[in-house]
2 protein chains.
Amino acid sequence: MSLIPIRPGAQSGGGRPAAPAAEAGRRDAARNRELLLCAAREIVEESSVDALTMDRLAQRAGVGKGTVFRRFGSRAGLMMALLSDAEAEFQGRFIFGPPPVGPGAPPLERLIAVGAARIAWTLEFGELARAADASAYNRFDVPPAVLWHRHLEMLLREAGVTADPWLMASALGAALEPERLLHSVSVHGIAPERLAETWRELVTRVVAGQ
Amino acid sequence: MSLIPIRPGAQSGGGRPAAPAAEAGRRDAARNRELLLCAAREIVEESSVDALTMDRLAQRAGVGKGTVFRRFGSRAGLMMALLSDAEAEFQGRFIFGPPPVGPGAPPLERLIAVGAARIAWTLEFGELARAADASAYNRFDVPPAVLWHRHLEMLLREAGVTADPWLMASALGAALEPERLLHSVSVHGIAPERLAETWRELVTRVVAGQ
DNA sequence: AATATAACCGGACCGCAGTCCGTTTAGCAT
DNA sequence: ATGCTAAACGGACTGCGGTCCGGTTATATT
């Protein structure tokens, strides 16, 4: 069923070999991967995310179209690859970083702070994030999304939310989805601070109601 | 650029015929509209929503492909047309219907009830709802979505939520989006009652925190 | 160095949503 | 009836994401 080999890893058994992140595999494959990522960034910078079509990318990078899909699986996979640095940095902040986003602050404060950070992050990498989401059924099951969801769930638990924290994290996470946030800002002209403020209200009430 | 192209020679008046309700216009147009809706329902019933492609539909109904797009504007528009009866019935329930979904019950009760009703509705018409959403930028600005959002906002206001009810309605509405609900149920096997229960917790806390 | 082979490569190919434009026709006015 | 015109029609066409498969090449083995 053609799952997407987004990130490195997975070497064992059954399926096709996952896309090599940096090591592993033939040198030309790695070279083409870098070539493609580079060309993709150029196109996005020169025009827009929408201008980044798979054909154009292949041509720009001087490789065949098949190669693009072999490396990234799908357009969404390519977008995730383009985002992966920013995504990793963000993950680092809420896992290892300094409080209040990182560990060390009370859970409610962390919830508020990490939401605000997420909003800012989304507005910065918005177009890419939308394009990365804009596809599949498995959009919620891709590693960064799972990690993010689990983190929210953990913070809710720590804050004393005992009733179905998994679903509650899902519900709260829904409020932070890129498409919605970007729509609020770019169509309705909502100021980013209002988004953060509403998030604060929301999580405060959810936790306080405990 | 590349906004929706306006017909060259003649436009004036009514705008694009994206979704003419029932009357107005030539008889053949109305006939074809019914023909198409009928054929679309057949295809969905025989196979699935995914099997409903615009080419196949045109062929099945015995009309040209251009006609399909002229009538419904896009695939998402067609899906909305297919949903419109169910949508109208649902709207009727929360606007005119009996309490607690309709008017007459206290606002929090209405919020809880209408959310549960929405969840059930979404699970029933899930595939179509997903296909109707699955596209555009304007997905949040389509009349039923606007009405729904406004209704949530109104209930929040009545329940005493004074802080940015517009955005709060948006955040709460996000938790009820078809894609997310369907994913929870069909991938993670969440029971529908758990969804309704979490919604109840969520809105109760939001309103109580007031 | 020669060989074997698995991985990689390219681009033709497919089905799809959506557009364009020359042709036909419904409905009105005469 | 007849003629007129705006509206509707159909299907060829475009560009897209994604797949497939015969040819090519890096690398390990001898």
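Each chain gets a letter, A, B and so on, in the order its sequence line appears, and its residues count up from 1.
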Can you check the [X] [atom1] to [N] [atom2] distance for me, whole Å?
X	N	atom1	atom2	answer
B/Met79	C/dC16	CE	C1'	13 Å
B/Asp55	D/dC13	CG	P	15 Å
B/Arg71	D/dG10	CZ	P	11 Å
B/Met54	D/dA12	CE	P	18 Å
A/Asn32	C/dA7	CG	C1'	13 Å
B/Leu57	C/dC16	CG	C1'	14 Å
A/Phe69	D/dC21	CZ	P	17 Å
A/Ile43	D/dC16	CD1	P	11 Å

query: Start at the 5' end of DNA chain C and walk down; is the nucleotide closest to B/Leu52 or to A/Thr67 reached first?
result: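 Counting from the 5' end, the first nearest nucleotide belongs to A/Thr67.
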message: Judged by each residue's nearest nucleotide on DNA chain C, which is more toward the 5′ side, B/Arg27 or B/Thr53?
response: B/Thr53
- prompt: With sugar-phosphate meaning primed atoms plus P, OP1 and OP2, does A/Gly62 contact a base, only sugar-phosphate, or nothing at under 4.0 Å between heavy atoms?
  reply: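 The residue A/Gly62 makes sugar-phosphate contact but no base contact.
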field: Minimum-distance nucleotide to B/Arg75 side chain [options: D/dC16, D/dA6, C/dA17]
entry: C/dA17
message: Closest approach to the side chain of B/Lys65, judged atom by atom: which nucleotide of C/dG18, D/dC16, C/dC8 is it?
response: C/dG18
- request: Go through the N and O atoms of the side chain of B/Arg26 and the base of D/dA7, and report whether any donor-acceptor pair is under 3.5 Å.
  value: yes
Is [X] reaching over with its side chain to a backbone N or O of [Y], donor-acceptor style, under 3.5 angstrom?
X	Y	value
B/Arg110	B/Phe94	yes
B/Arg180	A/Ser170	yes
A/Arg75	A/Leu52	yes

message: A/Glu45 vs A/Arg41, test: salt bridge (Lys or Arg N to Asp or Glu O under 4.0 Å). Steps then yes/no.
response: CA-CA 6 Å; A/Glu45 228 155 295; A/Arg41 291 206 179 84; over 6 Å; no
task: Output yes when at least one side-chain N/O atom of B/Arg56 is less than 4.0 Å from OP1 or OP2 of C/dC16, else no.
output: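 So the side-chain polar atoms of B/Arg56 do come within 4.0 Å of the phosphate oxygens OP1 or OP2 of C/dC16, strictly under.
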Nearest heavy atoms of A/Pro178 and A/Thr122, plus distance in Å: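 Heavy atoms only, the tightest pair is CA-CG2, 3.5 Å.
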